[in-house]
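If you read the sequence from its start, that first residue is 1, and numbering goes on from there.
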Amino acid sequence: MDEKLNILRSINQEIEDFKSKQVTIVTGYGFNQYNILQRIFFYYNSRFQSAKYVDEFNAVDDEGDRMYFFNINKNPCKVYSKAIDFDTKNIRLLTTGGGEPTKTWFMERDLKYWMRDKQFGKVLNRIFYELPIFGSVVLKIIDGEPYFVDLRNFVVEPSADSLADMNYHTEIHNYTPAEFRKVAKRMNWTKTQEVIDAFHQMKNTSHIRIYERYGEVEETDSEGKKTYPYKRVFMADVGVDKYDNYGNIEVKHNGILLASDEWTPEKTAKLYWEFHAEKIPGRWLGIGVVETLFEPQVKQNETANLESKSAYFLALHVFQTRDQAFSRNLKGNVRNGEVFNTESEVTEVAIQDRNGAFFNEQTRKWQLNRDEMTFAYDAVQGERSPAGTPLGSTQISIGQTLSYFEGIQENVAMDIKEMLYEVIIPQFEKENTKEHTLRLVGKDLDAYIGMVKNELVAKEVIRQMVMGKFLTNEDRDIIGIAIAEAIKQEKEKILDIPSNYYKGVKYDVDIDITGESIDTRVRSATYFAGLQAITADPTITTDPVKKKFFFKYLEDGGVNPNDLFDVEQKTPDMMMPEMQPRMGGGGVSAPQLNQAVQGQTANTI
C-alpha cells in the first residue's frame, strides 16, 4: 500500500474515532473528549447545544417560546483564574552549589527584561484564563516562542494520562493559501505549489488542511516486513477523488506528504507542554469549572425558563361574564368611560402564581451547589457578607478557600517552572550570548550599590594606603556614602554585559507565589501591623528568633519581607548626628540617629 495513503487513512480513522467513540472510565461512565469540548464552548458562551435558533441569538423551544440561558459558570471561572494567578515578577533564579551569586543576580534581572519584551506575562495570563474553562491548556514551544494549541483541533488518545504516554497525537492546521506559503517557506517544504494547485481543484473548501502527527507509522520494506518507527509527519489533505461513470470511486486522493522526520517521544515532550486543572485516571483532558457545572447549569436553565413561561400568564388580563351576548376584546374595543349594558357583571379572571417561592428556592439551592462545587463563595468574589456575620468567620472561610486554590496554583507553578528551566531560559541564554547592556533602576539599583560598594571602598582604601594615608572606619563610611550617592545621581545604571557572560551559570528556577491570593485589605493591614511592631520593638528585625517569627507573620499576611528589608544604607545625615535636631513623631517615636541600628543584609539570590 502507498505510504502516503496509509498515513492519511490512519489519520482520518484516528479523527473519526476521536469524534465518535467513547472511552469507558468505569462501568457506566463513558467519556468523549470531543463532545465535552463542544459542550464547554456552548455553555461558557451562553448557548444551548441542542436548541433551535431562529437567528444568531434567539433560541426557541418546541412551543415556539423564547429560551433563556442562565449562565452560572463564567463568574466561578474568573474567581478560579484570579485565585491561581501569578506574574513574571514571581519568577526568581537561585544560585546552586558552585555557582556565582552575582552572575545569577544579573541573569535574573536580564531575564525579567527579556520576558517583558517577549510578553511572557500575557502567556501566563492566558494559561490562567483558559485553565478553568477547558480543564487543560497545551503550549507548543517553537524556537523558544510559546504558542497555544487549539484543543478543538488537537486529536489525542483521550484515555492516556499525558501526551508522553500516547501512541499518537495530531494537530490540525487550517491555512489560507497565503498563510500556507509563509509556513511552507519557514518549514522548507518543497511541494508548496503542488498543494495549492490541488487545493484549488476542491469545491466547498475555504482552507488548506495540514495534519501534523506525532507517533508510530506503519512502514513495509521491500521484503514485505512491517516496521513501526516513531515519526513526525506533515500531511496536506488536499486533492479530489476520481469517480467512474457509475459514481464509484475509481482513484481516491491520498493527500500530499510534505515532510516525514525521524522523531522520539522525548523530543515531543520538549515541544508540547500541558497544564491541567483537576485530573482523574482514565482521561487526558482535565476537569475544569464549566464541566463541573454541567448539571447545575442544565437545572438552572430549566428553572429559569419555567419561571419565564409562568410570567407569560401573569402578564395576561382576562375577563369573564355570564352574558353570552357580550363578546368583546376590552383592550382594543373599549373607550374610556364607556358603560356596559350586560345581563351579568364582567369580572377579571384571577391568575395567580403560587410557585414563586418554589422557583426562588430552586434557584438558591442550585446556586449554593455551584458555590460548593467550585469554591466560588460570595466572600471570595468580594461581595458583602450577610448582616450579622462575624468578621472572624468570614476570614476563616476565605482562608480555607484560598488554601484550596493554593494547592492548584502550586501544581501549575511546578509545571511552568519545568517549562522555564527546560526551554524558555535556554532560549534566553541563546539570545543573550552576545554583548549587550542591562539597565538598573529603583530597587535593582539599590541592590547593585549594596553589592559593589564594599568592593569599590576596598579599592579606594588600598589606593590611599599606597599613598601613605591610613583611613579610619568613619572615613570608610564616608567614602561608601559618596560612592552610593554618585551612582544614585544618575537615576539609573547602564551596565555592559560581556558576551557569553551567562555561559555555564549554575542556577535553579523558583516561583515565589507568597501572598498572590491575599486580599489587598489584608495586605494593607499587615503592613500597618508590621510598622507598629517595629516601632514598639526595634530589635524585632535584628534578634534572630524574633525576626523569624516576624518574617513568618509578614509572609502569612501576603507581604514579602525581602521587598522591605534591603541592605542597610547610610546617608550623609547619619554621619553628622550633631547637626540633626531631635524631633518627636506623631504616633511613631523619632529614631535616635546617634545610635547605630544594625539592619538586615539583603539576600535576593
Side-chain angles (χ1 to χ4, degrees), residues 2-15 18 118-120 122-123 126 137-156 163-164 166-202 205-219 228-240 253-274 419 422-424 426-431:
D2 184 28
E3 180 186 358
K4 294 186 295 181
L5 181 59
N6 187 32
I7 293 175
L8 185 60
R9 284 184 176 178
S10 297
I11 293 175
N12 287 331
Q13 184 61 50
E14 290 162 1
I15 294 175
F18 178 74
K118 296 292 185 178
Q119 297 185 333
F120 191 72
K122 284 187 176 181
V123 176
R126 185 171 171 184
V137 176
V138 178
L139 283 182
K140 185 179 182 182
I141 309 297
I142 302 176
D143 296 330
E145 294 282 343
Y147 297 89
F148 284 84
V149 176
D150 190 344
L151 295 183
R152 298 173 301 171
N153 299 324
F154 197 51
V155 180
V156 299
L163 293 176
M166 295 181 183
N167 291 322
Y168 67 86
H169 68 267
T170 301
E171 191 177 351
I172 303 174
H173 307 279
N174 294 305
Y175 299 122
T176 63
E179 290 174 330
F180 177 73
R181 289 183 187 275
K182 295 178 182 178
V183 174
K185 184 178 180 180
R186 187 179 74 243
M187 300 295 294
N188 295 321
W189 293 335
T190 59
K191 300 180 181 180
T192 305
Q193 193 59 47
E194 181 181 350
V195 170
I196 293 177
D197 292 341
F199 163 73
H200 286 303
Q201 297 176 8
M202 304 170 68
T205 303
S206 59
H207 289 79
I208 299 172
R209 173 163 290 187
I210 305 296
Y211 298 127
E212 179 182 355
R213 183 185 184 276
Y214 298 82
E216 294 182 348
V217 176
E218 180 182 320
E219 293 182 351
Y228 300 88
Y230 192 96
K231 286 189 174 184
R232 179 180 70 170
V233 174
F234 290 93
M235 172 70 70
D237 189 8
V238 292
V240 293
H253 84 280
N254 54 9
I256 298 175
L257 184 62
L258 298 171
S260 179
D261 308 323
E262 297 293 335
W263 208 256
T264 63
E266 290 75 20
K267 293 172 68 174
T268 303
K270 294 290 183 66
L271 184 64
Y272 289 93
W273 294 85
E274 52 189 305
M419 181 183 70
E422 294 289 341
V423 293
I424 300 298
Q427 180 66 24
F428 156 77
E429 293 179 1
K430 180 180 178 182
E431 295 183 13

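- Between I208 and the options D237, T176, I196, V183, a side chain to side chain contact (heavy atoms under 4.5 Å, CB included) holds for only I196.
- In this structure, the side-chain hydrogen bond (donor to acceptor under 3.5 Å, both in side chains) partners of Y230, at least two apart in sequence or on a different chain, are T268.
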> Yes or no on side-chain contact (heavy atoms from CB on, under 4.5 Å) for V423 and Q427, after CA distance, side-chain angles and deciding distance?
Replying inline: CA-CA 6 Å; V423 293; Q427 180 66 24; over 6 Å; no

>> Let's go through Q201 and D197 carefully: what are the C-alpha distance in whole Å and the side-chain angles of both, what is the deciding distance for side-chain hydrogen bond (donor to acceptor under 3.5 Å, both in side chains) to 0.1 Å, and is it a yes or a no?
In response: CA-CA 7 Å; Q201 297 176 8; D197 292 341; over 6 Å; no

>> side-chain contact (heavy atoms from CB on, under 4.5 Å) for F154 and V138? Distances and angles first, verdict last.
In response: CA-CA 10 Å; F154 197 51; V138 178; 4.2 Å; yes

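- At most 12 heavy atoms of other shown residues, nucleotides or ligands fall within 6.0 angstrom of atom CG in D143.
- The only member of Y214, Y211, W189 that meets ring-ring contact (aromatic ring centres under 6.0 Å, His included) when paired with F234 is W189.
- Closest approach of I424 to G144, counting heavy atoms only: CD1-O, 3.9 Å.
- In this structure, the separation between CE on M235 and CG on L8 is 5.5 Å, given to the nearest 0.5 Å.
- Contact of the K182 side chain with the E179 side chain is not registered, since no non-hydrogen atoms from C-beta on lie closer than 4.5 Å.
- Sorted by first and then second residue, the salt bridge (charged side-chain N to carboxylate O under 4.0 Å, His left out) pairs with a member in residues 263-274 read K270-E422; sequence neighbours excluded.
- By the 4.0 Å N-to-carboxylate-O rule, E216 lies too far from K231 to be salt-bridged with it.
- Contact record, E14 with V155: O-CG1, 4.0 Å, taken as the closest heavy-atom pair.
- What you find for P177 and F199 is that their closest heavy atoms are CG-CE2, 3.8 Å.
- Expressed to the nearest 0.5 Å, how far CD of E145 lies from CG of L139 amounts to 12.0 Å.
- The minimum heavy-atom distance linking R152 with D150 is given by the pair NH2-OD2, 2.6 Å.
- In terms of heavy atoms, I256 sits closest to K191 at CG2-CD, 3.7 Å.
- Using a 4.5 Å heavy-atom cutoff, the side chains of E219 and P229 are in contact.
- Note that CG of L258 is 9.0 Å distant from CD of E194, once rounded to the nearest 0.5 Å.
- In plain terms, the two heavy atoms of W263 and L271 that are nearest each other are CZ2-CD2, 4.4 Å.
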May I have the list of side-chain donor-acceptor pairs in residues 166-175 shorter than 3.5 Å, sequence neighbours left out?
residue	atom	partner	partner atom	Å
N167	ND2	E157	OE2	3.4
E171	OE1	K140	NZ	3.3
E171	OE1	Y272	OH	2.6
H173	ND1	Y175	OH	3.4
H173	NE2	E212	OE1	2.7
N174	OD1	R209	NE	3.3

>> Under the criterion side-chain contact (heavy atoms from CB on, under 4.5 Å), I'd like the reasoning laid out for I210 against F180: C-alpha separation, chi angles, the key distance, then a yes or no.
In response: CA-CA 9 Å; I210 305 296; F180 177 73; 3.7 Å; yes

> Between V123 and Y147, is a side-chain contact (heavy atoms from CB on, under 4.5 Å) present by the stated rule, with each step listed?
Replying inline: CA-CA 9 Å; V123 176; Y147 297 89; over 6 Å; no

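- Taking 4.5 Å as the limit, some side-chain heavy atom of W273 sits within range of a side-chain heavy atom of I141.
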